[in-house]
Structure formats: structure tokens, C-alpha cells
Trainee: 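Quick one: structure below, then a few questions.
Below, each value reflects all heavy atoms present in this structure, side chains not excepted, and no hydrogens, waters or symmetry copies.
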Amino acid sequence: MACSYTPVTCVGTCGDAFYFQEVAAETDVDEDSFGIATRCLCCWVKSKDNKVLRLNDEQQFQVQNLTSKQLNEPGCKFEVQTYRESETAGRAGRPTMLYCNKDNGKNVVACCGDNGNIYSENMDALPEDIEETRHRALFYMTKLTATNTYQFESSWFKSEFLGFAPDGDNPSLNKLVLLKQAEDQVDESCQVVLCN
């Protein structure tokens, strides 16, 4: 009896779960695109100082201290949707989109704006395939093993990462921004903690 198999590589672990990715067969076709993967992580997104990312009622991303009761309110849990990549494009990390599913069924996605700002965009559904080599909502997620945190590099702006910066005169409130970072540096304001 003949049997077939699909080659896979281990892409990560979480708790007692192992995550694998199918290894694509070698072809002569040269493509630049991303396909949605089945893996999606639902989590709280926190800064190194334990402030939590939240999508407020005005659909702005805020980072603030929250009580355990507030953590269960709508807009506090985010989805990290991973994508399969046909070509690495010389970038480290796993292609991902960060979004929040609001009560109205819309996906509110974090997108790169100009001048280092992050804005929210409503999407009925996340794109299944992204044909371009860069996208305003696509980030490369890399795990920093020494600190057990992650970095999200923009695919739109190379060497710019999701980070946290003070929001106005309120010291307890931060906002989600893009921060420039040299390749050999690790800025704590760009380190993201993902908690289930």
C-alpha cells in the first residue's frame, strides 16, 4: 500500500501545543505574495511596563493600565493572524496582521500611516491573499528569545516597528505608533508581550 506525506517544519510552540507549517514544493515560479494561514492567536497585547493595548470606542489604539474586569471588555483582546509567505523578501519574522474583532462583526486592523502613526481600518474579512510584497496592515513578527517578547516590523516601512509612545499630557496613557530602529538595536518601547 502506498502512502503519501507532506513535509512540514516546526514554526513554534505555545504551552503544550506545537505549530507546524507545510513546506512548499520547490518550483521555478518566482512569486511575491502572502496567503492566509490557519493559525490565528487570540491574546492581550501588552507593553513591557504591563500596559494593555485597547481599541477604544472611537476606534483608536490606546495602551493603558487596565483592571482585570476591563481586560474582558470588547476591544481588549486582539487576533494575530499569520500568513504563509511565498518568498522571504529578505525580511526576518513571520508575516502577520494585528486586528480586533468588534461587536459589529467587523475586523478592525492596525495599519501603518505616514509620519509614524498607526490607524485603524475596518475590514469585513481579512485578505486571503496579498499579491504585493508590502501592505499597510502586514507586519513581520519576530520572537526575541532573551526577553520572551515579540517585535512587529512594518512591511510598508522597513526598519520601523510597532511600539508604544506617550499620548499627550496623560502619563498613564500611551498610543500605538511606528518607531524607527537600527538593525542591531532592540528598543524596549518596540517589545510586545502577547498573553493568552
Side-chain angles (χ1 to χ4, degrees), residues 8-22 34-57 59-85 92-112 118 120-123 125-128 137-155 161-165 167 172-179 186-196:
V8 295
T9 58
C10 183
V11 294
T13 61
C14 183
D16 59 354
F18 294 89
Y19 294 95
F20 295 92
Q21 177 181 358
E22 290 183 17
F34 304 96
I36 199 165
T38 55
R39 181 178 178 206
C40 186
L41 176 66
C42 182
C43 57
W44 289 288
V45 177
K46 295 183 176 184
S47 64
K48 287 277 289 191
D49 62 353
N50 220 25
K51 292 182 179 173
V52 180
L53 179 63
R54 173 183 207 181
L55 183 67
N56 68 16
D57 293 336
Q59 291 199 0
Q60 295 174 335
F61 296 107
Q62 293 180 325
V63 185
Q64 62 193 76
N65 292 317
L66 297 178
T67 65
S68 56
K69 182 180 177 185
Q70 290 172 314
L71 284 173
N72 295 314
E73 292 177 357
C76 291
K77 273 229 166 168
F78 283 80
E79 308 280 337
V80 180
Q81 176 62 60
T82 58
Y83 281 79
R84 292 181 313 278
E85 190 173 13
R94 179 98 177 168
T96 59
M97 282 191 184
L98 180 66
Y99 71 97
C100 185
N101 195 316
K102 290 298 273 189
D103 294 331
N104 59 8
K106 298 265 188 199
N107 298 315
V108 183
V109 182
C111 295
C112 299
I118 296 291
S120 62
E121 183 176 311
N122 288 323
M123 291 186 185
L126 297 180
E128 291 288 323
L138 193 70
F139 297 89
Y140 289 92
M141 181 177 74
T142 305
K143 185 173 185 177
L144 304 173
T145 54
T147 58
N148 208 26
T149 59
Y150 294 86
Q151 285 189 315
F152 289 83
E153 183 181 6
S154 168
S155 69
F161 294 80
L162 282 180
F164 309 104
D167 189 8
S172 67
L173 192 63
N174 287 347
K175 62 183 175 179
L176 191 61
V177 296
L178 278 179
L179 298 172
V186 177
D187 183 353
E188 281 201 5
S189 58
C190 294
Q191 292 182 20
V192 176
V193 179
L194 302 178
C195 301
N196 290 337

Trainee: Within the 4.5 Å heavy-atom criterion, are L41 and T82 side-chain neighbours or not?
Mentor: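 Answer no - side chains too far apart.
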Trainee: Side chain to side chain contact (heavy atoms under 4.5 Å, CB included) for L178 and I118? Distances and angles first, verdict last.
Mentor: CA-CA 7 Å; L178 278 179; I118 296 291; 3.7 Å; yes
Trainee: Restricting to non-hydrogen atoms, name the atom on N50 and the atom on N65 that form the minimum distance, rounded to 0.1 Å.
Mentor: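 Answer, listing the atom of N50 first, then N65: O-OD1, 4.2 Å.
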Trainee: How close do M123 and V109 get, counting heavy atoms only, and between which atoms?
Mentor: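 Heavy atoms only, the tightest pair is SD-CG2, 3.7 Å.
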Trainee: Of the non-hydrogen atoms in C42 and K77, which two are nearest, and what is the gap between them?
Mentor: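 Closest approach of C42 to K77: SG-CD, 3.6 Å.
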Trainee: So, for N72 and S68, which heavy atoms are closest and what is the spacing to 0.1 Å?
Mentor: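 Between these two residues, the closest heavy atoms are ND2-O, 3.4 Å.
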Trainee: Under the criterion side chain to side chain contact (heavy atoms under 4.5 Å, CB included), I'd like the reasoning laid out for T96 against Y140: C-alpha separation, chi angles, the key distance, then a yes or no.
Mentor: CA-CA 6 Å; T96 59; Y140 289 92; over 6 Å; no
Trainee: Would R54 and E73 count as a side chain to side chain contact (heavy atoms under 4.5 Å, CB included) here? Give the steps.
Mentor: CA-CA 9 Å; R54 173 183 207 181; E73 292 177 357; 2.5 Å; yes
Trainee: Can you list the residues that meet the side-chain hydrogen bond (donor to acceptor under 3.5 Å, both in side chains) rule with S120, with sequence neighbours excluded?
Mentor: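 Scan of S120 (side-chain hydrogen bond (donor to acceptor under 3.5 Å, both in side chains), adjacent residues dropped) gives none.
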Trainee: Does any non-hydrogen side-chain atom of L53 lie less than 4.5 Å from one of L98?
Mentor: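 Touching, per the 4.5 Å side-chain cut-off.
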Trainee: Nearest heavy-atom pair of S154 and C112: which atoms, and what distance?
Mentor: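 Here S154 and C112 meet closest at OG-SG, 3.2 Å.
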Trainee: Going by atom types only, do K106 and N101 share a side-chain donor-acceptor pair under 3.5 Å?
Mentor: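 There is no such pair (donor and acceptor under 3.5 Å, judged by atom type) between the side chains of K106 and N101.
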Trainee: What's the shortest heavy-atom distance between C76 and L66, and which atoms?
Mentor: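 What the structure gives for the nearest pair is SG-CD1, 3.8 Å.
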Trainee: Find the distance between OG (S189) and CG (L179) and round it off to the nearest 0.5 Å.
Mentor: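 With rounding to 0.5 Å, OG (S189) is 5.0 Å from CG (L179).
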Trainee: Are the side chains of Q151 and T149 in contact, using a 4.5 Å heavy-atom criterion?
Mentor: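 Side chain of T149 against side chain of Q151, heavy atoms only: no contact under 4.5 Å found.
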Trainee: CD/Q64 to OG/S47 distance, rounded to the nearest 0.5 angstrom?
Mentor: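 Between atom CD of Q64 and atom OG of S47 there are 11.0 Å.
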Trainee: Roughly how far, to the nearest 0.5 Å, is NZ of K69 from OG1 of T67?
Mentor: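 That separation rounds to 7.5 Å.
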Trainee: With the side chain counted from C-beta on, respond yes when M97 and V80 share a heavy-atom pair under 4.5 Å apart, and no when they do not.
Mentor: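 Heavy-atom side-chain distance check fails, nothing below 4.5 Å.
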Trainee: Here's a test for you: under side-chain contact (heavy atoms from CB on, under 4.5 Å), which of F161, F152, Y150 qualifies with C190?
Mentor: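 When side-chain contact (heavy atoms from CB on, under 4.5 Å) is applied between C190 and each of F161, F152, Y150, only F161 qualifies.
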Trainee: Dump the intermediate steps for side chain to side chain contact (heavy atoms under 4.5 Å, CB included) on Q62 and L173, then the final yes or no.
Mentor: CA-CA 7 Å; Q62 293 180 325; L173 192 63; 3.8 Å; yes
Trainee: Rounded at 0.5 Å granularity, tell me how far CG in L162 sits from CD in E153.
Mentor: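 It comes to 10.5 Å.
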Trainee: For residues N122 and Q59, determine if any side-chain heavy atom of one lies less than 4.5 Å from a side-chain heavy atom of the other.
Mentor: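 Touching, per the 4.5 Å side-chain cut-off.
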Trainee: Within a strict 4.5 Å, meaning less than it, do heavy atoms of the M141 and L194 side chains meet?
Mentor: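 A side-chain contact exists here, since the closest heavy-atom pair is under 4.5 Å.
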Trainee: Are side-chain heavy atoms of F164 and V192 found at a separation under 4.5 Å?
Mentor: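 F164 reaches V192 side chain to side chain.
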Trainee: Side chains of D167 and N174, heavy atoms from C-beta outward: is any pair under 4.5 Å?
Mentor: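 Not in contact.
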